Amino acid sequence: MNNFTFYSPTEFVFGKDTEKNVGELCQQYGASRIMIVYGGGSVVRSGLLDRIKKSLDEAKLVYCELSGVQPNPVDTKVYEGLELAREFKPDFMLPVGGGSVIDTAKTIAAGFYYEGDFWDFYCGKAKPVNALPIGVVLTIPAAGSEGSGNAVITNTKTHVKNGLRMPKLLRPKFAIMNPELTMTLPAWQTASGITDMMAHILERYLSNTPDVQIGDRLAEGMLLAIMEEAEKVMRNPQDYEARANIMWSGTIAHNDTCSLGRQEDWNSHAMEHEISAEYNVTHGAGLAVIFPAFLTYASKHNPAKVAQLAYRVLGVTESGDIAADALEGAKRLKAWLHDVLGMPVSFAQLGVDNPDLELLNTRLHRLKGDVMQGYMPLDAEATMEIYKLCL
């Protein structure tokens with residue numbers, strides 16, 4: 001096991017009606033002027049935004065609103081938010097929504113104190129040294145941004161989708177998590193979120209670091225639980241307990257609990273980012289296409305951990321041929337994503353009939369370098385083979 005430092009200060013307030021505590025929690029963390037950030041109309045139509053405002057009013061807190069954050073969040077909304085923030089001068093950010101809303105709020109929080117272009121943080125020219133504090137009201141379990149210090153934004157001019165990782169600066173102060181708020185999510189959004197959190201676990205699980213049994217068993221247990229609860233929630237979207245288990249899994253999947261002391265991968269995410277940046281597809285759906293292809297490639301080139309996944313999670317019986325067992329595991333995960341979650345598992349099913357693989361692959365390596373290190377070293381030939389396995 002490798003050396004590690006773990007810092008996770010977020011206060012999680014979980015359960016029914018917990019959004020009613022938002023005013024008190026904001027006060028507890030020193031807020032007086034709050035920027036509420038949200039996406040489309042569902043937060044308004046459901047009455048959630050009104051309940052949040054009522055709680056803030058009762059706490060005598062002042063607030064402004066930034067609405068219209070889209071899936072696959074983009075730089076233009078961040079610039080709009082920064083303009084509003086410099087006019088309103090908030091001392092606290094309050095995203096209400098899922099990962100896209102939270103990541104937009106985090107980026108505004110980091111850019112607020114920076115005199116230059118916030119994109120400098122995403123292209124490596126600068127690092128944020130200060131940020132507005134953040135509290136979250138989560139409505140979509142998927143990205144795990146409510147418990148992480150990470151954010152992802154797409155540059156609309158260059159189509160570069162990149163991430164920022166600042167665990168000591170951008171982890172939320174609190175996260176309100178009411179599983180009831182997820183019951184009205186469309187099946188597609190629920191399934192995409194489940195796929196995303198499973199991918200977050202697998203990116204950490206696929207590691208060459210030896211002697212990391214705790215992390216392995218945590219990851220395997222979460223995957224088994226998610227798959228069991230996912231089948232329940234796809235059958236009955238009103239199943240509170242299934243929703244609760246999935247919501248908490250999304251947080252644990254991405255707060256680094258199961259990645260401590262080990263090398264991580266993240267190459268599948270990098271490959272998917274190129275797809276969603278170019279074709280604006282749902283991130284989880286893109287991962288459902290990429291991950292089985294990645295595991296298929298890995299079954300030939302580094303099958304050990306894929307085979308372990310196959311045995312411990314996917315029900316494959318050891319045959320004595322580790323590569324064949326790993327490949328069978330990849331096939332079973334692909335079938336489960338398609339048959340149980342209804343996820344696309346090819347470019348065509350994703351709605352991208354003629355993907356420009358050369359464009360995706362060239363831009364990927366321009367951003368990530370000639371050889372992407374991780375569970376396997378991937379040069380342009382290797383990543384092209386994986387992209388082709390998605391056809």
Side-chain angles (χ1 to χ4, degrees), residues 4-11 26 29-38 63-64 66 69-70 72-138 143-175 200 251 254-256 259 264 266 269-270 273 277 283 367-369:
F4 65 85
T5 299
F6 183 48
Y7 179 73
S8 183
T10 305
E11 179 179 356
C26 286
Y29 287 96
S32 61
R33 298 178 64 81
I34 297 166
M35 179 184 284
I36 306 171
V37 183
Y38 58 96
Y63 51 84
C64 70
L66 176 70
V69 177
Q70 66 180 56
N72 293 319
V74 294
D75 58 346
T76 50
K77 184 57 66 172
V78 175
Y79 290 124
E80 180 185 339
L82 283 168
E83 185 175 348
L84 175 60
R86 288 179 176 130
E87 178 183 336
F88 178 74
K89 295 180 173 53
D91 56 19
F92 201 84
M93 301 295 297
L94 183 65
V96 181
S100 297
V101 171
I102 300 168
D103 287 5
T104 299
K106 285 179 177 179
T107 309
I108 295 168
F112 181 73
Y113 292 107
Y114 184 60
E115 293 184 358
D117 186 341
F118 85 87
W119 191 255
D120 291 348
F121 303 148
Y122 284 85
C123 65
K125 289 184 179 179
K127 286 186 178 182
V129 295
N130 199 5
L132 291 166
I134 303 160
V136 172
V137 180
L138 184 67
S145 194
E146 69 280 357
S148 81
N150 303 0
V152 176
I153 297 291
T154 297
N155 187 308
T156 51
K157 292 181 180 178
T158 63
H159 287 202
V160 169
K161 184 175 183 178
N162 215 349
L164 178 66
R165 189 170 187 173
M166 299 294 295
K168 290 190 176 181
L169 195 62
L170 294 180
R171 284 192 195 268
K173 299 299 183 183
F174 67 80
H200 287 162
T251 301
H254 204 39
N255 77 342
D256 291 333
S259 60
E264 302 172 39
W266 297 103
H269 261 72
H273 282 170
H283 176 54
L367 186 64
K368 298 298 182 181

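Computed from a predicted model, the values in this text were never measured in an experiment.
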Check your understanding: When the ring planes of F121 and Y114 are compared, do they come out parallel, tilted or perpendicular, using 30° and 60° as the limits?
Key -> tilted

Point to revise | Distance (rounded to the nearest 0.5 Å) between Y122 OH and D117 CG | key: 11.5 Å

Exercise for review: For L138 and G98, work out which heavy atoms get closest and say how close.
Suggested key: CD1-CA, 4.3 Å

Check your understanding: Tell me the salt bridge (charged side-chain N to carboxylate O under 4.0 Å, His left out) pairs involving residues 120-131, sequence neighbours left out?
Key -> none

Exercise for review: Report the residues that fulfil side chain to side chain donor-acceptor pair (under 3.5 Å) with H273, sequence neighbours left out, ordered by chain and then residue number.
Suggested key: none

Check your understanding: Just by modelled atom types, is the F92 backbone N or O under 3.5 Å from a matching donor or acceptor in the K173 side chain?
Key -> no

Review point. Quick one: salt bridge (charged side-chain N to carboxylate O under 4.0 Å, His left out) pairs with a partner in residues 78-103, sequence neighbours left out?
Key: K77-E80

Exercise for review: Verify whether one side chain among T251 and E146 offers a donor that lies under 3.5 Å from an acceptor in the other.
Suggested key: yes

Check your understanding: Ring centroid separation for F88 and Y63, is it under 6.0 angstrom?
Key -> no

Exercise for review: Check whether any side-chain heavy atom of I108 sits under 4.5 Å from a side-chain heavy atom of L66, and report yes or no.
Suggested key: yes

Point to revise | Min side-chain heavy-atom separation K106-P172 under 4.5 Å | key: yes

Check your understanding: In Å, rounded to the nearest 0.5 Å, how long is the span from CG of L170 to CE of M93?
Key -> 11.0 Å

Review point. Where does the angle between the aromatic ring planes of H200 and H254 fall among parallel (under 30°), tilted (30 to 60°) and perpendicular (over 60°)?
Key: parallel

**Study point:** Approximate separation, where rounding is to 0.5 Å, of L94 CG and I102 CD1
**Key:** 10.5 Å

Review point. At their closest point, which heavy atom of N255 faces which heavy atom of G147, and how far apart are they?
Key: CB-O, 3.5 Å

Check your understanding: Are side-chain heavy atoms of F118 and P128 found at a separation under 4.5 Å?
Key -> no

Exercise for review: Determine whether L164 and T107 make a side-chain contact, defined as any pair of heavy atoms from C-beta on separated by less than 4.5 Å.
Suggested key: no

Practice item. Not counting sequence neighbours, which residues clear side chain to side chain donor-acceptor pair (under 3.5 Å) with Y29? List them please. Key: E11

Practice item. Mind checking ring-ring contact (aromatic ring centres under 6.0 Å, His included) for F112 and listing every partner two or more places apart, or none if nothing turns up? Key: none

Review point. Mind checking whether W119 and I153 have side chains closer than 4.5 Å, heavy atoms only?
Key: yes

Check your understanding: Taking side chain as C-beta onward, heavy atoms only, is I134 less than 4.5 Å from P95?
Key -> yes

Revision key, fill the gap. Residues pairing under side-chain hydrogen bond (donor to acceptor under 3.5 Å, both in side chains) where one sits in residues 159-169, two or more places apart or in two chains, turn out to be N72-K161, H159-E278, K161-S276, R165-D256

Review point. With a 4.5 Å limit on heavy-atom distance, are the side chains of H269 and H283 in contact?
Key: yes

